[in-house]
Colleague: 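First the structure, which I've put down as structure tokens, then a few questions once you've had a look.
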2 protein chains.
Amino acid sequence: MKKEDFENYESLLLDNQLCFPLYASSRLIIRLYTPILEPFGLTYTKYIVMLALWENDHLSVKDLGDKLFLDSGTLTPLLKKLEVQGLIHRERSPEDERNVMITLTKKGQALKEEALVIPQKVGACLNLNPEEFKELHRLLHLILKDSIKTKCGI
Amino acid sequence: MKKEDFENYESLLLDNQLCFPLYASSRLIIRLYTPILEPFGLTYTKYIVMLALWENDHLSVKDLGDKLFLDSGTLTPLLKKLEVQGLIHRERSPEDERNVMITLTKKGQALKEEALVIPQKVGACLNLNPEEFKELHRLLHLILKDSIKTKCGI
DNA sequence: CTCAATCAAATTGTTTACAATTAAATTGAA
DNA sequence: TTCAATTTAATTGTAAACAATTTGATTGAG
């Protein structure tokens, strides 16, 4: 085996991947959320939908998808479940019947108050100091904003 | 609404979450891998299993699970598919019949050579400079190593 | 105006991910 | 030595995630 071949194999080491720790830590943190969200009747994906709506009520499925990087194939069944739970209301927009508008119910609005404990509980499990938190946040948003959409047409 | 209530709601802003950009960028990068891996007959999860085996052949399902933070419920069906594809071989350990040992076939070993193009193609899509790459890598491994297992019993 | 192109949501089918349970092998304390 | 506890894989059932397609509404070029 030539030297340059040996060196190339470095790029296949698990420890040299960026995507792997991204994928693994994402799943690990979602697993951390799961038991905390369970008493609220929320899964992690339902939770981020609620976060988006608490921040900005009355969004279309498309708006939610753009914010959360999810498509209607994921959102539609999930939103139907949130509707059954009485947290949101789904209604076709009269102005443009292509759009389905999502609105919080009273119950959905009220849940925001109770949800305040969630970030506290999760934050207590992460050993990152504020600078590390901030830097990680910055780098991840760099990936979300620049890297992929611009250069690789996703 | 009291002032302190208003300030607490900050913690529920999507943009103040760490988990959300982690989750979103992880999925975004996996979507980036998908078309690159497709010609090799690999999905992202199959790919990281192959990475682990290229690095260290002859691992048990448990070993793989520990390395990749995956359980047998995910790995067993996936390994069966890799076996059907002729990339690996599954065999119960004679020493301890609880363990199923995973070994690369000739074809699985040979694929390593072709896979060398994968990190190049993916790397070209990420706008991170080497320092940012390194720092992101460090912070993610910090999450994987310390934060969760130690403090929150996962 | 009109109809082809576009757009949004829903649907269908496949792959992951994981909790919970089961089955079989191994270990170790009494 | 023996059997209860532990360990490993596999299985079962559920929820996500997403590609591809379908349906229906809207837009805009000619």
Side-chain angles (χ1 to χ4, degrees), chain A residues 19-20 23-38 41-49 59-85 88 90-102 153-154, chain B residues 19-20 23-35 37-38 41-49 59-85 88 90-102 148 153-154:
Chain A
C19 188
F20 171 66
Y23 158 82
S25 54
S26 164
R27 283 167 37 239
L28 220 49
I29 296 192
I30 288 173
R31 250 178 283 169
L32 184 63
Y33 270 94
T34 303
I36 297 172
L37 293 173
E38 198 271 334
L42 296 176
T43 60
Y44 181 72
T45 318
K46 284 181 186 173
Y47 175 61
I48 61 171
V49 167
L59 292 171
S60 70
V61 175
K62 171 102 176 45
D63 295 334
L64 274 171
D66 289 344
K67 265 186 193 290
L68 305 178
F69 302 89
L70 292 169
D71 69 4
S72 68
T74 304
L75 285 174
T76 297
L78 197 138
L79 292 168
K80 284 182 178 176
K81 285 176 205 162
L82 286 174
E83 189 175 39
V84 169
Q85 290 178 256
I88 64 160
R90 300 188 315 134
E91 189 176 26
R92 288 227 170 244
S93 166
E95 292 96 52
D96 185 340
E97 296 234 347
R98 288 173 302 182
N99 293 298
V100 168
M101 305 306 297
I102 309 298
I154 289 187
Chain B
C19 188
F20 171 65
Y23 157 82
S25 55
S26 164
R27 284 166 36 238
L28 220 49
I29 295 192
I30 288 173
R31 250 178 284 169
L32 184 63
Y33 271 94
T34 303
L37 294 173
E38 197 271 334
L42 296 176
T43 60
Y44 181 71
T45 319
K46 284 181 185 173
Y47 175 60
I48 61 171
V49 166
L59 292 171
S60 70
V61 175
K62 171 106 177 45
D63 295 334
L64 274 171
D66 288 345
K67 265 186 192 291
L68 305 179
F69 303 89
L70 292 169
D71 69 3
S72 67
T74 303
L75 285 173
T76 297
L78 196 138
L79 292 168
K80 284 182 178 175
K81 285 178 205 164
L82 286 174
E83 190 175 39
V84 170
Q85 289 179 256
I88 64 160
R90 302 188 314 134
E91 190 176 26
R92 289 225 169 246
S93 166
E95 292 98 50
D96 184 340
E97 297 233 349
R98 287 173 303 182
N99 293 299
V100 168
M101 304 305 297
I102 309 298
I148 297 174
I154 289 187

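All values reported here derive from a predicted model rather than from experimental measurement. In what follows, chains are A, B, ... by sequence order, proteins preceding strands, each numbered from 1.
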Colleague: From CD1 of B:Ile30 over to P of C:dT15, roughly how many Å is that when rounded to an integer?
Modeller: 16 Å
Colleague: How would you label the contact of A:Thr45 with the nucleic acid (heavy atoms, under 4.0 Å): base, sugar-phosphate, or nothing?
Modeller: sugar-phosphate
Colleague: Between the side chains of A:Asp66 and A:Lys62, is the shortest nitrogen-to-carboxylate-oxygen separation below 4.0 Å, so that they form an ion pair?
Modeller: yes
Colleague: Whole-Å distance between C:dT15 P and B:Leu37 CG?
Modeller: 15 Å
Colleague: Rounded to whole Å, please give me the gap between CG in A:Leu75 and P in C:dA9.
Modeller: 9 Å
Colleague: A side-chain contact here means heavy atoms from C-beta on lying under 4.5 Å apart; do A:Tyr47 and B:Phe20 qualify?
Modeller: no
Colleague: Within the structure shown, what part of the strands sits under 4.0 Å from A:Glu95 by heavy-atom distance: base, sugar-phosphate, or nothing?
Modeller: sugar-phosphate
Colleague: Give A:Ser72 one of three labels, base, sugar-phosphate or nothing, depending on what nucleic acid heavy atoms sit under 4.0 Å from its own.
Modeller: base
Colleague: Between the main-chain N or O of B:Met101 and the side-chain N or O of B:Asn99, is there a donor-acceptor pair closer than 3.5 Å?
Modeller: no
Colleague: State, with a plain yes or no, whether a side-chain heavy atom of B:Leu70 is found less than 4.5 Å away from one of B:Leu64.
Modeller: no
Colleague: Select from B:Gly73 and B:Asp96 the residue whose nearest nucleotide in DNA chain D is closer to the 5' end of that strand.
Modeller: B:Asp96
Colleague: Are OP1 or OP2 of C:dA10 and a side-chain N or O of A:Thr76 less than 4.0 angstrom apart?
Modeller: yes
Colleague: Do any side-chain nitrogens or oxygens of B:Lys81 fall under 4.0 Å of OP1 or OP2 in C:dT16?
Modeller: yes
Colleague: Whole angstroms only, please: what is the OH-P distance between A:Tyr33 and C:dC18?
Modeller: 16 Å
Colleague: With DNA chain C as reference, determine whether B:Leu70 or A:Arg90 sits nearer its 5' end, using the nearest nucleotide of each.
Modeller: A:Arg90
Colleague: Between A:Leu28 (CG) and C:dC18 (C1'), how many Å, whole number?
Modeller: 13 Å
Colleague: Under 4.0 Å, heavy atoms only, any strand: does B:Thr34 hit a base, just the sugar-phosphate, or nothing?
Modeller: nothing
Colleague: What's the closest nucleotide to the A:Arg31 side chain, out of C:dT26, C:dC18, C:dA9?
Modeller: C:dC18
Colleague: Taking any atom closer than 4.0 angstrom to a non-hydrogen atom of chain B, what span of DNA chain D does the protein reach, first nucleotide to last?
Modeller: D:dT7 to D:dA19
Colleague: Considering non-hydrogen atoms only, spot the tightest contact between B:Val100 and B:Arg90 and give its length.
Modeller: CG1-CB, 4.1 Å
Colleague: Between P on C:dA25 and CD on B:Glu91, what's the gap in Å once rounded to a whole number?
Modeller: 16 Å
Colleague: Pick base, sugar-phosphate or nothing for A:Thr43, based on heavy-atom distances below 4.0 Å to the nucleic acid.
Modeller: sugar-phosphate
Colleague: Rounding to an integer number of Å, can you tell me how far A:Ile29 CD1 sits from C:dA17 P?
Modeller: 16 Å
Colleague: 5'-most contact on DNA chain C: A:Arg27 or B:Glu97, nearest heavy atom basis?
Modeller: A:Arg27
Colleague: Quickly work out the A:Asp71 CG to C:dC7 C1' distance and round it to whole Å.
Modeller: 14 Å
Colleague: Minimum heavy-atom separation for B:Leu78 to B:Val49, with atom names?
Modeller: CD2-CG2, 3.7 Å
Colleague: Just wondering, do B:Lys67 and B:Leu59 contact through their side chains at under 4.5 Å, heavy atoms?
Modeller: yes
Colleague: Taking only side-chain N and O atoms of A:Asn99, does any of them lie within less than 4.0 angstrom of OP1 or OP2 on C:dC7?
Modeller: no
Colleague: Rounded at 0.5 Å granularity, tell me how far CD1 in A:Ile36 sits from CG in A:Leu42.
Modeller: 12.0 Å
